[in-house]
Amino acid sequence: MKQTLSSKTFSHTLLKSLTLGALIALGSTSVVSADDVNLTTIIPAVPQIDAEAYILIDYNSGKVLAEMNADARRDPASLTKMMTSYVIGQSIKAGKISLNDNVNISKEAWATGNPVFKGSSLMFLQPGMQVKVSDLNRGIIIQSGNDACVAMAEHVAGSQDAFVNIMNNYVNALGLKNTHFQTAHGLDAEGQYSSARDMALIGQALIRDVPEEYLVYKEKEYYFNNIKQPNRNGLLWDTSLNVDGIKTGHTSAAGYNLVASATEGNMRLISVVMGGRTFKGREAESKKLLTWGFRFFETVTPLQVGKEFASEPVWFGDTDRVQLGVDQNASLTIPRGRLNDLKASYTLTNSEINAPLVKGQAVGTINFQLDGKTIEQRPLVVLNEVKEGGFFSRMVDHIKLMFHRWFG
């Protein structure tokens, strides 16, 4: 018998565990029409951003709130160091290296002996120095030291080329579509490029996957070898925003780049500005994006891992019902003030759920709605394993199911 699609709709206002669902993924125009939102919460257009490309995403939900030329391939400059830092953070996390390791500085990491470093950001390392990983890591993140990138690349992978291969392996693992690295430091190199969207995703991965590494990004200055250098991310000093990262970059080909992340309550946003006109301009444009995002959107988590959202009859199992929910916290980004209007429903893939069932098995889809429109969807999964019942109980279920199909 062919099974039909069944749908269960709830009038949950989700007052207890509801999260905000992003009403729309704003396009390059970033204008929300009155048809899409309650008239009391109309969202104005994104401010004009003076840059070649930009994007604004919510960290928790991944929702794109604003973008322009977000997939255009551009010179990343020192934004490259975000991936360098990610590889270092993963290496520390995996126990392959330690923050207390002493790194022998080679001639390749010596600015005077490497003309490509002339006039660029440096820690001013000298050949033969013994420098701890913790110091070089801060030199990369805070001082944007190109020499420190080479030193750490050699320590982690044996050579910069081998390290860059690891960087590009992570590019593939993170699903980045418009990124390829040729260096560990980001100075202009043929065949090296990234995009605003990919840089936002690298920033998201840094925060999510290597949180101890990310903690360094909020430090405002660093002393090394009696030289004090400030963090080039000027938004760290802006008291109107709670910015705790991430990275600046500049070359003549790239223009002025800045990836910034800030929090407000439980909400975190990540902005990327690439091809800005001036050093301070990239900060001003990033601030516009972040301020607009926090003012007009909020992010909530109505459904959490392990919490029952619904239950359904199960046939041929060792129990009569199965608990259903989500396998990842369902974070949603929606216009501010719309939480109480958010509703949820679910649709089962098949009209009958049959044992055996494994934990995490998808059996349908949860639909989040605003103003009668579905704005987000999440898989509806089994929360607890349901084993096949005994012979007698299965026979009883066969009889029950026959009557159920006859009489509905």
Side-chain angles (χ1 to χ4, degrees), residues 10-27 29-47 49 54-67 70 197 200-201 203-204 207-208 235 238-246 259-272 285-305 307 309 325-326 328-345 366-378:
F10 290 76
S11 296
H12 285 279
T13 34
L14 300 178
L15 295 176
K16 292 184 178 179
S17 61
L18 189 59
T19 64
L20 299 177
L23 183 59
I24 93 177
L26 294 176
T29 57
S30 303
V31 179
V32 182
S33 73
D35 291 337
D36 292 325
V37 297
N38 185 298
L39 290 176
T40 62
T41 56
I42 293 177
I43 299 172
V46 177
I49 303 299
Y54 68 79
I55 195 168
L56 178 69
I57 72 168
D58 181 274
Y59 164 77
N60 288 297
S61 69
K63 184 60 64 177
V64 176
L65 302 180
E67 63 177 276
R197 189 184 314 278
L201 294 175
Q204 187 183 42
I207 299 166
R208 178 190 66 231
L235 290 181
D238 192 314
T239 57
S240 67
L241 289 169
N242 186 31
V243 173
D244 57 11
I246 303 180
V259 181
S261 185
T263 60
E264 185 173 291
N266 294 324
M267 188 177 185
R268 176 184 286 278
L269 297 178
I270 299 173
S271 66
V272 181
E285 303 310 298
S286 299
K287 182 175 179 177
K288 286 180 188 177
L289 282 172
L290 293 168
T291 300
W292 177 85
F294 284 125
R295 184 166 297 162
F296 297 108
F297 293 90
E298 58 181 326
T299 298
V300 293
T301 306
L303 302 180
Q304 298 182 349
V305 173
K307 301 292 185 181
F309 171 64
V326 292
Q328 296 181 20
N329 288 344
S331 295
L332 306 173
T333 307
I334 61 174
R336 283 200 176 273
R338 301 304 310 280
L339 175 59
N340 290 339
D341 301 322
L342 187 58
K343 293 180 172 58
S345 66
I366 301 173
N367 305 293
F368 295 96
Q369 297 123 3
L370 268 178
D371 302 328
K373 298 179 181 180
T374 297
I375 59 169
E376 284 287 346
Q377 293 182 315
R378 295 290 188 274

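A quick note: this is a predicted structure, and the numbers were derived from the prediction, not measured. These numbers come from the heavy atoms of this one structure, side chains and all, not from hydrogens, waters or symmetry mates.
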Asks: Roughly how far, to the nearest 0.5 Å, is the CD1 atom of Ile270 from the CD1 atom of Ile57?
Replies: 4.5 Å

Asks: Under a 3.5 Å distance rule, please check whether Thr374 uses its side chain to pair with a backbone N or O of Gln369 as donor and acceptor.
Replies: no

Asks: Out of curiosity, Arg197 CZ to Ile55 CD1, how far, rounded to the nearest 0.5 Å?
Replies: 4.0 Å

Asks: Counting only heavy atoms not in Arg208, do more than 12 fall under 6.0 Å of its CZ?
Replies: yes

Asks: Of the non-hydrogen atoms in Asp58 and Arg268, which two are nearest, and what is the gap between them?
Replies: OD2-O, 3.5 Å

Asks: Tell me the closest heavy-atom pair linking Ile207 and Ile246, and the distance in Å.
Replies: CD1-CD1, 4.5 Å

Asks: I need the Leu342 CG to Asp371 CG distance, nearest 0.5 Å.
Replies: 10.5 Å

Asks: Determine whether a donor-acceptor pair (N or O, by modelled atom type, separation under 3.5 Å) exists between the side chain of Asn329 and the backbone of Val305.
Replies: yes

Asks: Looking at every non-hydrogen atom in both residues, tell me the closest pair between Gly325 and Ile366 and how far apart they are.
Replies: O-CD1, 4.2 Å

Asks: For the CZ atom of Phe294 and the CG atom of Leu289, what is their distance to the nearest 0.5 Å?
Replies: 11.5 Å

Asks: One pair to check against side chain to side chain contact (heavy atoms under 4.5 Å, CB included): Glu376 and Ser61. What are the steps and the verdict?
Replies: CA-CA 10 Å; Glu376 284 287 346; Ser61 69; over 6 Å; no

Asks: Which value, rounded to the nearest 0.5 Å, describes the distance between Leu290 atom CG and Leu269 atom CG?
Replies: 6.0 Å

Asks: Between Arg378 and Ser331, is there a donor-acceptor pair closer than 3.5 Å when you use the side chain of the first and the backbone of the second?
Replies: yes

Asks: When you compare the side chains of Asn60 and Thr299, does any donor N or O come within less than 3.5 Å of an acceptor on the partner?
Replies: no

Asks: Roughly how far, to the nearest 0.5 Å, is CG of Leu241 from OG of Ser261?
Replies: 11.0 Å

Asks: Between Glu298 and Met267, what is the shortest heavy-atom contact and its length?
Replies: CA-SD, 3.7 Å

Asks: Does a side chain donor of either Asn367 or Gln377 reach within less than 3.5 Å of an acceptor in the other side chain?
Replies: yes

Asks: Of all the heavy-atom pairs spanning Pro44 and Trp292, show the shortest one and how long it is.
Replies: O-NE1, 3.2 Å

Asks: As a quick check of understanding, evaluate side chain to side chain contact (heavy atoms under 4.5 Å, CB included) for Ile43 and Phe297, giving each step before the final call.
Replies: CA-CA 9 Å; Ile43 299 172; Phe297 293 90; 3.5 Å; yes

Asks: Go through Gln204 and Tyr59 one step at a time and tell me if the side chain to side chain contact (heavy atoms under 4.5 Å, CB included) criterion holds.
Replies: CA-CA 6 Å; Gln204 187 183 42; Tyr59 164 77; 3.6 Å; yes

